[in-house]
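The structure appears right after this line, and notes come after that.
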Amino acid sequence: FEQALRIKPDFDTAVSNMGLVLAGMGQSEEALRFYDRAQQLKPDDDINLMNKGVCLRRLGRFADALACNEAGLKGNPRNPILWSNKALVHGDLGQPEEELRCYEQALKYDPQDVQSWFNKGVTLRQLNRIVAAIAAYDGALAVDPNYLPALQNKAFALMVAERYSEAAS
């Protein structure tokens, strides 16, 4: 990406992708500078805003991460990854009802998103909505029958519901 940026310094995709590389290297603060620069070049780029939001969340800047997700959703309200990321931030902020609402939106746009099904189940189980949690884990398992975290959590939820024979199988 550095070579592309030497040729065209305002190439917004390369700027954003350089942020992605730096974030992957654990250099979140430096990555954030590239995401900010990419946002200046192309303010409504939902992919850059999504990646910037992940970076901000990693830095513990939850309000800023939430704002990035919301800005990205204004440009692309059908982006399931942004909805899922927004749910995670609501979870970080201790807002489980908003978290669940966001998972519903993510699943509306991508019903095959095993991670959103699973995370929804975890949130529901934390709220002691055991039957609904089991249903969410079943949603994850419908997508991937071998998804071990969903199998494990479903078994625990079945135990809480005192459905031991189902938990054992």
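The analysis underlying the following values was restricted to heavy atoms, covering all of them including side chains, and did not include hydrogens, waters or symmetry mates. If you read the sequence from its start, that first residue is 1, and numbering goes on from there.
Side-chain contacts under 4.5 Å among hydrophobic residues (ILVMFWY), followed directly or transitively, place L49 with no other residue at all. Residue M159 is found in a hydrophobic cluster whose other members, listed by chain and number, are F156, Y164; membership requires side-chain heavy atoms under 4.5 Å apart, directly or through intermediates. Applying the under-4.5 Å side-chain rule to Ile, Leu, Val, Met, Phe, Trp and Tyr, the cluster around I134 extends to I130, L158, V160.
I81 is connected to I47 through a chain of hydrophobic side-chain contacts under 4.5 Å among Ile, Leu, Val, Met, Phe, Trp and Tyr, so both are in one cluster. A continuous path of ILVMFWY side-chain contacts below 4.5 Å connects V122 to V114, so both sit in one hydrophobic cluster. Hydrophobic clustering, with ILVMFWY side chains joined whenever heavy atoms are under 4.5 angstrom apart, groups F62 together with L66.
Residues passing the side chain to side chain donor-acceptor pair (under 3.5 Å) test with E70, sequence neighbours excluded: none. Under the side chain to side chain donor-acceptor pair (under 3.5 Å) criterion, R125 pairs with no residue at all, not counting sequence neighbours. Remark: L73 pairs with L82, W83, K86 by the side chain to side chain contact (heavy atoms under 4.5 Å, CB included) rule, at least two apart or across chains. Listed by chain and number, the residues in a side chain to side chain donor-acceptor pair (under 3.5 Å) with N48 are S16 (sequence neighbours excluded). For D46, the side chain to side chain donor-acceptor pair (under 3.5 Å) partners at least two apart in sequence or on another chain are N76, N79.
Summarising the geometry of C55 relative to Y35, their closest heavy-atom pair is CB-CE1, 3.7 Å, with the distance given to 0.1 Å. Across all their heavy atoms, P145 and L151 have their closest contact at O-CD1, 3.8 Å.
Pairs engaging residues 142-159 under the salt bridge (charged side-chain N to carboxylate O under 4.0 Å, His left out) rule: D138-K154 [sequence neighbours left out].
We find the CG-CD distance between N51 and Q39 to be 12.0 Å, quoted to the nearest 0.5 Å. Interatomic distance, N153 CG to L141 CG, rounded to the nearest 0.5 Å: 10.0 Å. Atom CG of L100 sits about 6.0 Å away from atom CG of L127, to the nearest 0.5 Å.
A side chain to side chain donor-acceptor pair (under 3.5 Å) with R101 is found for exactly one of E98, E99, E97, namely E98.
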Please tabulate, for side-chain N and O atoms in residues 18-34, each donor-acceptor pair with protein atoms closer than 3.5 Å (sequence neighbours left out).
{"from": "E30", "atom 1": "OE1", "to": "R33", "atom 2": "NE", "distance (Å)": "3.0"}
{"from": "E30", "atom 1": "OE1", "to": "R33", "atom 2": "NH2", "distance (Å)": "2.3"}

What donor-acceptor contacts under 3.5 angstrom involve side-chain atoms of residues 87-95, with partners at least two apart or in another chain?
{"from": "H90", "atom 1": "ND1", "to": "Q95", "atom 2": "OE1", "distance (Å)": "2.5"}
{"from": "D92", "atom 1": "OD1", "to": "R57", "atom 2": "NH2", "distance (Å)": "3.3"}
{"from": "D92", "atom 1": "OD2", "to": "R57", "atom 2": "NE", "distance (Å)": "2.5"}
{"from": "D92", "atom 1": "OD2", "to": "R57", "atom 2": "NH2", "distance (Å)": "3.4"}

Could you pull out all donor-acceptor pairs under 3.5 Å where a side-chain atom in residues 102-112 meets a protein atom, sequence neighbours excluded?
{"from": "Y103", "atom 1": "OH", "to": "N119", "atom 2": "ND2", "distance (Å)": "3.4"}
{"from": "E104", "atom 1": "OE2", "to": "K120", "atom 2": "NZ", "distance (Å)": "2.1"}
{"from": "D110", "atom 1": "OD1", "to": "Q112", "atom 2": "N", "distance (Å)": "3.1"}

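At distances below 3.5 Å, at least one donor-acceptor pair connects side-chain atoms of Y137 with backbone N or O atoms of G121.
With salt bridges taken as basic N to acidic carboxylate O contacts below 4.0 Å, none links K52 and D64.
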